[in-house]
Structure formats: C-alpha cells, structure tokens
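Every chain is numbered from 1, with letters handed out A, B, ... down the list of sequences. A quick note: this is a predicted structure, and the numbers were derived from the prediction, not measured.
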Amino acid sequence: EDKVVQSPLSLVVHEGDTVTLNCSYEVTNFRSLLWYKQEKKAPTFLFMLTSSGIEKKSGRLSSILDKKELFSILNITATQTGDSAIYLCAHRNSGNTPLVFGKGTRLSVIA
Amino acid sequence: NAGVTQTPKFQVLKTGQSMTLQCAQDMNHNSMYWYRQDPGMGLRLIYYSASEGTTDKGEVPNGYNVSRLNKREFSLRLESAAPSQTSVYFCASSEAMNSHEKLFFGSGTQLSVL
C-alpha cells in the first residue's frame with residue numbers, strides 16, 4: 001500500500017528562522033510528489049517534483065526530491081507569521097489512481 | 001475565476017439525518033474528488049470520479065455515496081449521518097488522473113453531526 005509520512009507533525013519557530021519539513025514515501029511506480037500549503041481553508045498548490053535532485057524554488061520556499069532515498073524536503077527561509085499553515089505532502093503513482101496525502105506538518109511562526 | 005465551488009460552507013446535523021454536499025467546477029476538468037480532513041489525519045479520500053460517468057471508492061467510503069451528475073458537478077451524500085462523520089469535507093478537481101496535473105480544492109464544508 002502506498003504511504004506518505006511527514007515529519008515533524010507540528011513545529012513552532014520564531015520569525016526569521018529557517019525550517020525544513022520532511023516527507024518520506026513508499027510507493028510503487030512513482031510518478032510525482034506534490035506539496036500544498038493549507039491556511040484557513042482550501043489547500044493551495046506549492047510545488048510538484050518529478051525528477052530527483054532538481055530544486056524547485058518560489059521566493060523563500062524551495063523543495064527537492066531524492067528518488068533514491070524516497071524523500072522530499074520543503075525549506076522555508078526567513079520565516080514570517082504568514083507562513084503559519086499546515087503543509088501537506090502528497091504523491092501520485094503512475095497508475096490511474098488519485099493523490100495520496102500525508103498527515104501534514106502544522107507550522108506556527110511566532111513574532 | 002470561481003474554480004471549485006462547494007455548498008454549504010457549514011452544516012449541523014442530528015444523528016440519522018441525511019444531507020448532500022454539492023460541488024461544481026468550471027475548469028472543464030475530467031476528474032473530481034471528495035476528501036475529508038480530521039485533526040492530525042491529513043486528507044483522506046472518500047470517493048473519486050476519474051471521468052464523467054465513473055465513480056470509485058477511496059480510502060474511507062463507508063457511510064457515503066456519490067453522484068457524478070455531469071462533467072461539472074460531483075455530489076457527496078450522507079444517507080444516515082453519524083457523529084464519526086463530523087469533519088471538514090473538501091471537493092477537488094484535476095484535469096485528468098493519469099497525468100501530472102495538480103488538484104484544485106474547494107473552500108470546504110464544516111460538518112458537525114450531533
């Protein structure tokens with residue numbers, strides 16, 4: 001059974017800190033790994049990773065995939081209170097099946 | 001841009017009552033999904049519809065039914081609500097399942113079953 005495990009489950013940091021969120025997966029026939037940010041309402045898409053070792057970047061957020069070790073990390077530098085959210089990792093395999101989500105990491109950034 | 005629209009946003013039911021959650025997307029997507037989110041549990045898939053005319057069970061389908069009314073609309077029905085169905089429900093859509101396309105989510109329905 002395909003599985004996604006995120007760590008830590010929750011994290012509290014101060015503004016300006018750098019954080020690393022982890023996502024490990026067990027999946028047959030890997031196709032892609034996605035990161036979403038969920039504030040109050042609907043999850044919003046951050047990154048999709050398909051190739052190992054290629055960093056995706058958007059402002060202070062970046063993510064990279066290691067297909068050999070079966071994990072991905074999401075980095076946030078110079079954190080702001082607006083980064084407080086649940087960060088969800090999900091994978092898709094190459095079959096005709098939906099995304100499988102991890103339980104998420106709840107990040108709280110305090111001033 | 002409306003994207004994915006869910007109704008209602010909030011609902012309180014008594015045990016045993018029934019209700020239907022409505023979802024519509026205006027992005028001409030083929031695939032639609034219903035997820036539930038409970039504290040500490042992430043998003044768990046209830047049912048999905050890969051294309052118009054098809055529906056399949058997800059991870060937690062018990063107590064739910066779905067209807068893919070047309071390409072735009074995908075409804076979720078609770079026939080006899082139970083307190084264990086208290087949750088936040090999200091509808092989502094994607095262009096297709098067998099591709100890299102990402103999911104787009106609705107704003108959620110907060111459901112409480114007393």
Side-chain angles (χ1 to χ4, degrees), chain A residues 1-11 21-25 27 29-51 54 56 58 63 65 74 85-108, chain B residues 1-10 23 25 27 29-51 54-61 66 74 87-110:
Chain A
E1 184 181 310
D2 293 352
K3 201 160 79 167
V4 176
V5 178
Q6 293 187 245
S7 64
L9 293 180
S10 67
L11 187 58
L21 310 183
N22 303 292
C23 175
S24 64
Y25 60 91
V27 58
N29 302 315
F30 175 88
R31 178 186 287 271
S32 57
L33 187 136
L34 290 80
W35 284 96
Y36 282 82
K37 178 183 180 181
Q38 184 180 22
E39 296 177 81
K40 293 197 191 319
K41 298 277 189 179
T44 54
F45 174 78
L46 291 174
F47 299 112
M48 180 164 62
L49 303 152
T50 56
S51 300
I54 297 176
K56 291 281 182 90
S58 176
S63 183
L65 176 69
L74 176 67
I86 297 173
Y87 291 84
L88 296 162
C89 172
H91 82 75
R92 185 194 300 282
N93 67 28
S94 59
N96 201 29
T97 54
L99 286 178
V100 175
F101 283 85
K103 294 184 178 181
T105 294
R106 181 180 291 275
L107 174 66
S108 300
Chain B
N1 289 338
V4 180
T5 303
Q6 285 183 239
T7 55
K9 294 194 187 310
F10 302 94
C23 176
Q25 51 90 10
M27 296 173 283
H29 284 170
N30 289 298
S31 303
M32 297 184 73
Y33 314 81
W34 278 104
Y35 287 89
R36 61 176 287 174
Q37 187 174 37
D38 304 295
M41 295 298 292
L43 289 166
R44 293 186 292 169
L45 183 65
I46 305 171
Y47 272 93
Y48 64 99
S49 171
S51 59
T54 70
T55 60
D56 283 286
K57 294 179 181 179
E59 181 186 354
V60 288
V66 290
F74 188 40
S87 189
V88 180
Y89 291 84
F90 287 100
C91 178
S93 70
S94 66
E95 187 167 320
M97 280 179 57
N98 58 345
S99 69
H100 290 302
E101 270 72 20
K102 55 186 181 280
L103 298 186
F104 293 83
F105 285 87
S107 57
T109 297
Q110 175 88 51

B/Arg44, CZ atom: more than 12 neighbouring heavy atoms under 6.0 Å: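 It does: B/Arg44 CZ has more than 12 such atoms within range.
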Against chain B, label A/Gln38 side chain, backbone, both or neither, depending on which of its atoms sit under 4.5 Å from a heavy atom there.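 For A/Gln38, side-chain heavy atoms alone lie under 4.5 Å from chain B.
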Please flag which part of A/Leu9 lies under 4.5 Å from any non-hydrogen atom of chain B: side chain, backbone, both or neither.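 For A/Leu9, neither part sits under 4.5 Å from chain B.
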Gap separating the CG atom of B/Leu103 from the OH atom of A/Tyr36, nearest 0.5 angstrom: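 Rounded to the nearest 0.5 Å, the CG-OH separation comes to 4.0 Å.
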Just verifying a value: how many Å separate B/Phe104 CZ and A/Phe45 CZ, rounded to the nearest 0.5 Å?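 Output value for this atom pair is 8.5 Å.
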Going by side chain to side chain contact (heavy atoms under 4.5 Å, CB included), name the residues that satisfy it together with A/Lys3, two or more places apart in sequence or in a different chain.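 A/Lys3 satisfies side chain to side chain contact (heavy atoms under 4.5 Å, CB included) with A/Val5, A/Glu26 once adjacent residues are dropped.
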Does A/Glu39 have any salt bridge (Lys or Arg N to Asp or Glu O under 4.0 Å) partners at least two apart in sequence or in another chain, and if so, which?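 If we apply the salt bridge (Lys or Arg N to Asp or Glu O under 4.0 Å) test to A/Glu39, skipping adjacent residues, the hits are A/Lys37.
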Less than 4.5 Å to any heavy atom of chain A: does that hold for the side chain of B/Gln37, its backbone, both, or neither?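 Only the side chain of B/Gln37 comes within 4.5 Å of chain A.
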Need one label for B/Leu45: side chain, backbone, both or neither, based on atoms under 4.5 Å from any heavy atom in chain A.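 Contact with chain A: side chain only.
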Search all heavy atoms of A/Ala42 against all heavy atoms of B/Ser107 and return the closest pair with its distance.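 In terms of heavy atoms, the two residues are closest at CB-CA, 4.1 Å.
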Looking at B/Leu43 and A/Pro43, what are the two nearest heavy atoms and their distance?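 So the two residues come closest at CD1-CG, 4.1 Å.
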